[in-house]
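Below you'll find the structure, written out as C-alpha cells, and then a few comments.
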Amino acid sequence: LTRRGITLRVLLKDGLVAPGEGVLSIHYLGKKFVGDLLSDGKIRWQETGHIFNSPSAWATHCKKLVNPAKKSGCGWASVRYKGQKLDQYKTTWLMKHQSFNHPTETNVVSEGEDEVADEDEDDKCHISECSTGRKLEDLNKKQNQSLEQGTADTAVKKLEKKERIPVRYSCIGNRDLARDPRTLVEVMPFSALNKFQPFNVAVSSNVLLLVDFHCHLTTSEVVGYLGGRWDTNTQLLTVLRAFPCRVRLGDLQSAGTVEEEICQSMFMRGLSLVGWYHSHPFSHALPSLQDIDSQMDYQLKLQGSNNNFQPCLALICGPYHNGNPSSESKILPFYVMPPPEQRASDYGIPMEVEVTYVQDNFLPNDALSEMALLVEHYKGAPDHVKFKDTWNQHKTYLDKL
C-alpha cells in the first residue's frame, strides 16, 4: 500500500483514529472549521452538516470560502485530528506497516473512494451546493463591537479626533497583540499584486447620499448595511440601497430588533445583503486593523456554505477629516485579500475597489423618510454634531453638510 492509498478508512480500521464529533479541524487564515469523523471515513462539517468524502474535499471547500482563488486544499496537511495533522497519522501507519505486506490491503485501496488521487494532487473537488440562510445577524460583529464600548463621553471624542497616521501594509508584519487595533492601513490597488479586480461594482448615488448624511450627524462611529444584487453571469455587484443602523451606543437590546427590521426591509424590496459601511468621523477613510479582520470575517459569512463566489463590499466614510481636499467627504470602497499562504498568520490585505457610480434621477420618498428618522434619532444625543458651530475658518458644520 503506497502513501497515496492510505485513507481515513484505513486509519480507522487499524485504530489510529476513531469516529467522533468535533475531532477534526482546519485552521486557515485566522478561521477555524470543525468537523465530525464518521465511522465510514467520511467527514461531516458541523456548520452545515454537509458530508465530504475526503480531507482534501473538505479542506478545498473551506479554503475557497475564505480565499476564492484557492485551487486546492492540501487536505492531509491541513486537517487535524484532535489537534495533530492527519499527515502525521499517515506517517505513523506507514512506519508501523513498512515491514509487513498485507494482501488484503489492495482491496482497501480499490474502495479508497474516488478522492484518493486528489488527496495528494489536490484536484478540484465536486460537491453539491447546500443552501443556508444569510441572516443579517451574521454581519453584526462591527455593530456589537461599537455598542460594547459604552456611551460616548468627552474622553472618547478627544480620542476620536486625535490624528491617526496610516501605515503601509508592508510595514505591519506578523500579528502582534500589543499593536493598536485602531491602526489605519493604506489600501492597495489590485494591480500592485499583479491581479485583476475579481468583480465589478456599481453604486447608486442615493446610496452615497444616505451613507454620507448618516455619517455627518454624530461624532461617533456609525454602522449600516448595503442592499443590492449580485449577478454571477456578469460578475457585477450592484449596490442600490443603504440601510442605516439607528442604534445608540450601549443599546445592545435594540440592536437585534433594528437588524431584523432591516432584514425585512431588504426582503420586501427584493434586495440581498451585499456589504456594510461605517464611519471614521475625524480620521482618514482607511481601514483599521480591526476593520480588516471584520471585513475578512464578513466576506466569509456572506459567502456562506455555497461553493459559488459572492463578494462583500465595505465602505468607509470620513466626513470631518481635516485632510480632505475639499468639503466633500471621502468615501472608500475596499475589499480584503487573504495574505500569502506562507504567511497565513498575517493580516489580510486591504484592496481599493474600483467602482462605477450611477447617478439616480430622483430621490425616493423612503430615502427622505430615512433621513428624517436619522435626524430624529440623533437629536439631543451627547455626541450629535452641533451644526451651527464652526467647522473651519469659513464654514459651519451645516455649510459643510
Side-chain angles (χ1 to χ4, degrees), residues 1-67 70-128 174-175 300 305 307 338-346:
L1 184 63
T2 65
R3 188 179 184 86
R4 285 179 55 183
I6 302 172
T7 66
L8 280 175
R9 189 180 298 182
V10 172
L11 299 183
L12 283 165
K13 180 181 177 182
D14 276 23
L16 288 179
V17 297
E21 295 184 0
V23 295
L24 299 177
S25 62
I26 296 173
H27 298 262
Y28 182 63
L29 300 179
K31 307 302 174 187
K32 183 179 180 180
F33 304 87
V34 180
D36 306 329
L37 178 57
L38 305 182
S39 58
D40 59 359
K42 295 183 180 181
I43 299 170
R44 179 173 57 219
W45 185 19
Q46 286 193 346
E47 184 171 333
T48 65
H50 191 84
I51 305 295
F52 295 88
N53 290 330
S54 71
S56 282
W58 185 41
T60 300
H61 178 70
C62 292
K63 290 184 177 183
K64 287 181 73 174
L65 292 178
V66 180
N67 180 11
K70 183 69 176 171
K71 300 299 183 184
S72 60
C74 303
W76 285 80
S78 301
V79 179
R80 297 173 182 266
Y81 174 79
K82 294 185 177 179
Q84 184 171 320
K85 291 183 179 180
L86 285 178
D87 210 26
Q88 295 174 305
Y89 289 94
K90 181 183 288 189
T91 300
T92 301
W93 191 97
L94 283 171
M95 293 176 62
K96 179 181 177 182
H97 293 79
Q98 61 185 355
S99 59
F100 298 93
N101 184 14
H102 301 285
T104 59
E105 285 170 352
T106 304
N107 295 331
V108 177
V109 177
S110 67
E111 63 181 34
E113 305 98 19
D114 295 334
E115 80 284 2
V116 170
D118 75 11
E119 287 179 338
D120 274 314
E121 298 172 5
D122 290 314
D123 294 335
K124 288 185 178 180
C125 58
H126 301 279
I127 50 181
S128 60
N174 294 330
R175 288 180 180 270
L300 176 61
S305 61
N307 205 27
E341 284 198 45
Q342 63 272 23
R343 299 172 56 190
S345 63
D346 287 6

Is there side-chain contact between [X] and [Y], with heavy atoms separated by less than 4.5 Å?
| X | Y | result |
| --- | --- | --- |
| I43 | P55 | yes |
| V17 | V23 | no |
| L12 | P19 | yes |

So which heavy atom on [X] is nearest to which on [Y], and how close?
| X | Y | answer |
| --- | --- | --- |
| I6 | W76 | O-CZ2, 3.6 Å |
| V34 | W45 | O-CD1, 3.3 Å |
| S25 | K32 | CB-CE, 4.3 Å |
| S78 | K63 | OG-NZ, 2.7 Å |

Measuring from [X]:[atom1] to [Y]:[atom2], what's the distance to the nearest 0.5 Å?
| X | Y | atom1 | atom2 | value |
| --- | --- | --- | --- | --- |
| I26 | K85 | CD1 | NZ | 12.0 Å |
| K42 | L37 | NZ | CG | 12.5 Å |
| L11 | K90 | CG | NZ | 8.0 Å |
| F33 | H27 | CZ | NE2 | 10.5 Å |
| N53 | D40 | CG | CG | 8.5 Å |
| Q84 | T92 | CD | OG1 | 6.5 Å |

*Return yes when atom CD of E21 has more than 12 non-hydrogen atoms of other residues, nucleotides or ligands closer than 6.0 Å, and no otherwise.*
no

*If only atom types and distance count, is the side chain of D14 paired as donor or acceptor with the main-chain N or O of L16 below 3.5 Å?*
no

*Would you find a donor on one side and an acceptor on the other, under 3.5 Å apart, between the side chain of Y89 and the backbone of L8?*
no

